[in-house]
Amino acid sequence: MPASESAPSALRLNLRIFSVVMFNFANYLTIGLPLAVLPGYVHEHLGLSAFWAGLVISLQYFTTLLSRLQSGRIADEKRPKKVVVMGLCVGRLILGEGQSFAGTGATLWGVGVVGSRHIGRVISWNGVATYGAMAIGAPLGVWINHIGGLKLVSYTVIAVAVLFVLLALPREAAKVTPGKKLPFREVLGKVWVYGIVLALASVGFGVIATFITLFYADRHWEGAALTLTIFSCAFVGVRLLFPNSINRFGGLRVAIVCFTVEITGLLLIWGAALPLMAELGAFLAGVGFSLVFPSLGVLAVKVVAPQNQGSALATYTLFLDLSLGLVGPLAGVMMGYTGVGAIYLAAVVLVSVGLLMTLRLSRRGVTLAQEENLTSGQ
């Protein structure tokens with residue numbers, strides 16, 4: 001927290017942000033509920049291969065990828081609140097599209113409520129809502145599935161979406177920033193390097209979220225849903241405990257530390273001989289992945305004018321969607337040849353490439369001016 005910001009004012013600011021990002025919490029709760037249920041249902045109940053078990057989760061990320069740019073453009077041109085409501089409604093029909101609309105809309109809506117100087121905090125709180133929802137949703141989905149099967153899980157997803165749409169409709173909408181809108185090609189040219197690094201960091205999350213249930217089943221262990229919850233709690237905890245680390249140290253420095261910790265966690269999962277080792281690995285991977293998105297995302301959105309920040313955020317996040325969309329089927333194919341453990345070693349290699357890219361960016365000083373502006377302006 002900056003020295004000029006008192007504890008009460010920080011609390012009020014955080015409450016204003018939370019009043020908006022809670023709609024993204026609902027969005028990701030509907031994603032988390034079936035997350036630990038669907039892969040096992042496809043692989044064990046339907047008898048399909050690991051490729052299809054991975055694809056059933058990755059399909060939503062491909063849908064999100066296809067709609068991400070549209071959601072960012074609409075958020076820039078129309079009120080972000082409208083994008084959130086659209087995401088919650090449409091998302092119950094097409095889960096991936098709802099993810100992009102509600103996620104992008106909630107971030108831009110939050111920025112509209114508290115101002116662009118707090119965009120880093122809004123992105124961080126949006127992530128807290130995202131993975132907090134998944135931490136709750138994964139074990140809750142398993143419990144609901146145990147009680148009433150996949151049908152009851154589906155009914156619960158619909159009920160959550162309807163409730164939060166009704167809560168969002170009467171809320172005041174944020175204003176749209178006027179100005180020239182950049183075409184996608186120009187926005188991509190400004191943010192692509194941050195997106196590539198984000199995509200590499202996201203591989204670790206992808207293999208944990210999609211295949212940890214099969215990893216545990218392969219070793220005849222129980223507690224895969226708990227491991228997902230540990231990952232998500234670690235992710236959320238770091239964002240709650242270190243909300244100003246990006247402001248104090250700069251995005252690239254924070255990202256370097258995060259990559260190192262995430263790699264350590266993935267190595268522990270790969271070499272796990274006991275469930276406790278896998279749980280510790282998931283914890284460290286969650287700690288490491290926690291601040292990658294906001295540390296690079298704050299830099300990515302600041303390379304464009306305020307009226308294009310929705311498009312910049314959507315384009316940057318597109319790389320996350322692409323990464324998660326590819327991880328499921330590709331890792332599923334690899335798993336068929338090498339076994340499930342090897343996909344975590346492959347994730348280590350890719351995340352290490354992301355670390356090297358971040359180190360190169362830091363050494364070249366590509367974004368020094370942005371770092372200084374971020375540290376002094378927030």
Side-chain angles (χ1 to χ4, degrees), residues 1-2 5 17 21 103-104 107-108 110-111 114-128 130-131 187-205 235-263 285-306 308-320 323 351-378:
M1 174 169 42
E5 184 180 46
I17 295 171
V21 300
T104 304
T107 301
L108 271 295
V111 172
V114 300
S116 61
R117 67 188 297 264
H118 298 296
I119 190 168
R121 191 174 299 215
V122 174
I123 292 175
S124 289
W125 272 105
N126 222 25
V128 169
T130 295
Y131 292 96
V187 176
L188 178 63
K190 294 177 180 293
V191 306
W192 70 270
V193 66
Y194 306 110
I196 292 290
V197 177
L198 173 65
L200 292 167
S202 304
V203 172
F205 165 60
F235 180 100
V236 171
V238 169
R239 290 203 177 182
L240 291 176
L241 291 173
F242 304 101
N244 297 299
S245 57
I246 298 170
N247 295 345
R248 291 181 60 188
F249 304 110
L252 292 175
R253 293 186 185 95
V254 171
I256 289 168
V257 174
C258 287
F259 271 108
T260 304
V261 176
E262 182 182 357
I263 290 167
V287 169
F289 186 58
S290 61
L291 294 177
V292 172
F293 187 98
S295 64
L296 299 174
V298 169
L299 299 172
V301 298
K302 285 184 173 291
V303 299
V304 298
N308 291 293
Q309 287 184 344
S311 296
L313 179 64
T315 304
Y316 169 69
T317 312
L318 179 150
F319 288 88
L320 169 66
S323 176
V351 177
S352 297
V353 174
L355 172 60
L356 293 175
M357 289 183 65
T358 308
L359 286 169
R360 185 177 181 184
L361 281 173
S362 180
R363 289 169 182 168
R364 288 175 57 189
V366 171
T367 56
L368 263 180
Q370 294 167 17
E371 293 271 24
E372 291 171 0
N373 178 62
L374 172 64
T375 305
S376 61
Q378 294 188 5

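What you are looking at is a predicted structure, and each value in this text was computed from that prediction instead of being measured.
- The CD atom of E262 lies 10.0 Å from the CG atom of L355; values are rounded to the nearest 0.5 Å.
- Of all non-hydrogen atoms in A201 and V351, the two that sit nearest each other are O-CG2, 4.3 Å.
- Scanning both residues, T358 and A255, for their nearest heavy atoms gives CG2-CB, 3.9 Å.
- Of all heavy-atom pairs spanning S245 and V254, the tightest one is O-CG2, 3.6 Å.
- For the pair S311/V304, no side-chain contact is recorded, criterion being any heavy-atom separation below 4.5 Å from C-beta on.
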- side-chain contact (heavy atoms from CB on, under 4.5 Å) evaluation trace for T317 with F293: CA-CA 9 Å; T317 312; F293 187 98; 3.5 Å; yes
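- S295 contributes a side-chain N or O that, together with a main-chain N or O of V292, makes up a donor-acceptor pair within less than 3.5 Å.
- Partner of S352 under the side chain to side chain contact (heavy atoms under 4.5 Å, CB included) criterion, out of I263, L200, T260: I263 alone.
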- Evaluation steps, side-chain contact (heavy atoms from CB on, under 4.5 Å), between L299 and L252: CA-CA 9 Å; L299 299 172; L252 292 175; 4.2 Å; yes
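- Contact of the Y316 side chain with the V301 side chain is not registered, since no non-hydrogen atoms from C-beta on lie closer than 4.5 Å.
- Heavy-atom minimum distance, A312 versus A300: CB-O, 4.2 Å.
- L318 CG to L313 CG: the interatomic distance, rounded to the nearest 0.5 Å, is 11.0 Å.
- In this structure, the side chains of P294 and L291 come closer than 4.5 Å at one or more pairs of heavy atoms.
- Atom CE of M357 is separated from atom CG of L198 by 11.0 Å, given to the nearest 0.5 angstrom.
- In this structure, the side chains of F259 and V197 come closer than 4.5 Å at one or more pairs of heavy atoms.
- With rounding to the nearest 0.5 angstrom, the CG atom of L361 is 8.0 Å from the CG atom of L296.
- Taking the side chain as every heavy atom from C-beta outward, T130 and W125 never approach each other to under 4.5 Å.
- Aromatic pair Y194/F319: ring centres not closer than 6.0 Å.
- Ring pair F235/F289 is tilted by interplanar angle, where 30° to 60° counts as tilted.
- Side-chain atoms of V128 and V21, non-hydrogen and from C-beta on, never get closer than 4.5 Å to each other.
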